[in-house]
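Each remark here refers to the structure printed beneath this line.
Naming convention: chains lettered A, B, ... in sequence-line order (proteins, then strands); numbering from 1 in each chain. Computed over heavy atoms, backbone and side chain alike; hydrogens, waters and symmetry mates excluded.
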Number of protein chains: 2
Amino acid sequence: MPSDRTSAGDPARTLALLWRDPSATPRRGPARGLTVDAVVDAAVTLADREGLAAVTMRRVAQALEVVPMTLYTYVPGKAELLDLMLDAVYARMERAASTGRPWRTRLTAIAGENRALFEIHPWSAAVSTLRPSLGPGSIAKYEHELAALDGLGLSDVEMDDCLTHLLSFVQANARAAIEASAARAADGRTDQQWWDQAGPLLARVLDPGAYPLAVRIGSAAGAARGSAHDPEHAFHFGLARVLDGLATLIERGGPAGAGERPPAP
Amino acid sequence: MPSDRTSAGDPARTLALLWRDPSATPRRGPARGLTVDAVVDAAVTLADREGLAAVTMRRVAQALEVVPMTLYTYVPGKAELLDLMLDAVYARMERAASTGRPWRTRLTAIAGENRALFEIHPWSAAVSTLRPSLGPGSIAKYEHELAALDGLGLSDVEMDDCLTHLLSFVQANARAAIEASAARAADGRTDQQWWDQAGPLLARVLDPGAYPLAVRIGSAAGAARGSAHDPEHAFHFGLARVLDGLATLIERGGPAGAGERPPAP
DNA sequence: GAAGTACACAGTACGCCGTACTGAGTAAGG
DNA sequence: CCTTACTCAGTACGGCGTACTGTGTACTTC
């Protein structure tokens, strides 16, 4: 089984774990040496420090000074552990109230909060959530983020669409940023060094007449940013485009600023 | 080392491989039983049929009726093999000429071509490209896609920004679609069955008063699509938003349709 | 043509992974 | 008190990428 997927097993067991259902903890036998939270915290700390690849059952167990198989009495498997890790960091996200401010400001804040999540916990952008985890953290996050889209005259389904679109952009951007910095870390080379090495080789093999746009735009973009991809710039550029794109939906049927109404009570 | 990363080693060797530099193939010793293309094709076929996780050096070797270590005389390692796989499918993408048509039509075509790529080769959306691969396939792809953005009055850097934004959206959407269908395949349950099982459990643990928006919007969105996430709908919704977002850049300083000029000679 | 060398390919081995299974000891329920 | 349910340790299995070793082949050079 690969290592970075969530939600493999029994939904009932997973939900009970996510919500820390006390009726799901055993009533007999020897006292437990750990808690689910301790396991999750250890895994999160490990992932923060050494990346998702370092989160193996063996390493988490080692951090807790316990034998690997012991973890399986707290958590059904690694997929569920990842579910719990995600929900834990969702729960701890900062959620600034932004009621009363313009919708662009509100959505910019949501984007920023999610971007901050991926900066603090880069691994969380890489986890693939097969089914939504539906833990207390993700529900609270969803509620908070929907509030930023409330009262804009959108239908229920459109609110979900817009939020999905915005978050999907932020996650894609974060993934690109993480991959770029992982590349820098993997080999010692900086982007500059890498290009200095690859550039001349590429020039020898690539016919500039055959790919005029690629050569011109590629080198212009590379020169403007000192590297092949600048996630910081891509974020601000992309967020502006996303908000403009949502604007045509939100401000339809009226001049800029229309459609804004007080949120439902 | 994890399994789904590209570009680990020497850029010179990788570039020579990508461009099939004949001076890089050995001149002495016994005749080679395989070719780089044969190895790459076997890997792509395997990935298409059984997913990226099935692409192991052992499985690829098995498909070629060869011992695993033999592959290492064709390819420095698995990361480079993934680079070659990506470039190969890029090279084979359909590239419909769309000069002369409106920019929205052109960009919709680009999005569609990339979406088709991810449908035919779902694994290609999951590969994380640490550095751009710069093979003949990806350069040709880049050139073709830039052509769709040429003549719109964008600066060189803006052309790259817009393309990155568009492709990033398509890839994010494809990843979501693939994850959703992987979830369906992983356990036998359909989305409906999963919700039938998880829904009541969630209702028991979740206070609807505490999360009014989440409950209302979540169930509205779920009901509208018969599942938690409908990638088909998200694609059309998202693409419309992306194009609207790019429009404010492309059509700035004039009415709709302005900014369009014939491409540079 | 002989010698030397560069190479292809097979095989074995190492250190990782997730986790199934076994067995010993412990604390609560009846 | 005894039975039962549990925790935790240990071992083991089948997978992974790939380093290393050995054998035989075909080209290059003399």
TODO: State whether the number of non-hydrogen atoms from other residues, nucleotides or ligands found under 6.0 Å of B/E119 atom CD is greater than 12.
DONE: yes

Open item on the list: Closer than 4.0 angstrom, basic N to acidic O: yes or no for B/R92 and B/D48?
Closed with: no

Task: Length of the line joining A/L81:CG and C/dC17:P, which is rounded to integer Å - done: 14 Å

TODO: Would you kindly give the CE-to-P distance between B/M57 and D/dG15, to the nearest whole Å?
DONE: 18 Å

Open item on the list: In whole Å, I'd like the distance from the CZ atom of B/R58 to the C1' atom of C/dT12.
Closed with: 11 Å

Task: Length of the line joining B/L71:CG and D/dC20:C1', which is rounded to integer Å - done: 17 Å

Open item on the list: Taking the side chain as everything from C-beta on, heavy atoms only, tell me whether A/T45 gets closer than 4.5 Å to A/E50.
Closed with: no

Open item on the list: Judged by each residue's nearest nucleotide on DNA chain C, which is more toward the 5′ side, A/P68 or B/E65?
Closed with: B/E65

Open item on the list: In terms of relative ring orientation, are B/F235 and B/F169 parallel, tilted or perpendicular, with 30° and 60° separating the classes?
Closed with: parallel

Open item on the list: Without decimals, in angstroms, what is the distance between A/Q62 CD and C/dC16 C1'?
Closed with: 13 Å

Task: Which residue lies more 5' along DNA chain D, comparing A/V67 with B/G77 via nearest heavy atoms - done: A/V67

Open item on the list: Under a 3.5 Å cutoff, is there a donor and acceptor pairing between the side chains of B/Y142 and B/D160?
Closed with: yes

- [ ] Round to the nearest Å and state the distance from B/E50 atom CD to D/dC16 atom P.
- [x] 11 Å

Open item on the list: For a quick test of reading the model: is some side-chain N or O of B/T70 closer than 4.0 Å to OP1 or OP2 of C/dA8?
Closed with: no

Task: From D/dG17, C/dG18, D/dA9, nucleotide with atom closest to B/T56 side chain - done: D/dG17

Open item on the list: If I take atom CZ in residue A/R59 and atom P in nucleotide C/dG18, what distance separates them, rounded to the nearest angstrom?
Closed with: 11 Å

Task: Length of the NZ-P vector between A/K78 and D/dC16, whole Å - done: 16 Å

Open item on the list: Between B/E179 and B/H229, is there a side-chain donor-acceptor contact under 3.5 Å, judged purely by atom types and distance?
Closed with: no

Open item on the list: Looking at A/T73, I'd like to know whether one of its side-chain N or O atoms comes within less than 4.0 Å of OP1 or OP2 on D/dC8.
Closed with: yes

Task: B/S/- contact track for nucleotides 20-30 of chain C, protein heavy atom under 4.0 Å - done: BB---BBSSS-

Task: Flag for A/D87-A/S138: side-chain donor and acceptor within less than 3.5 Å - done: yes

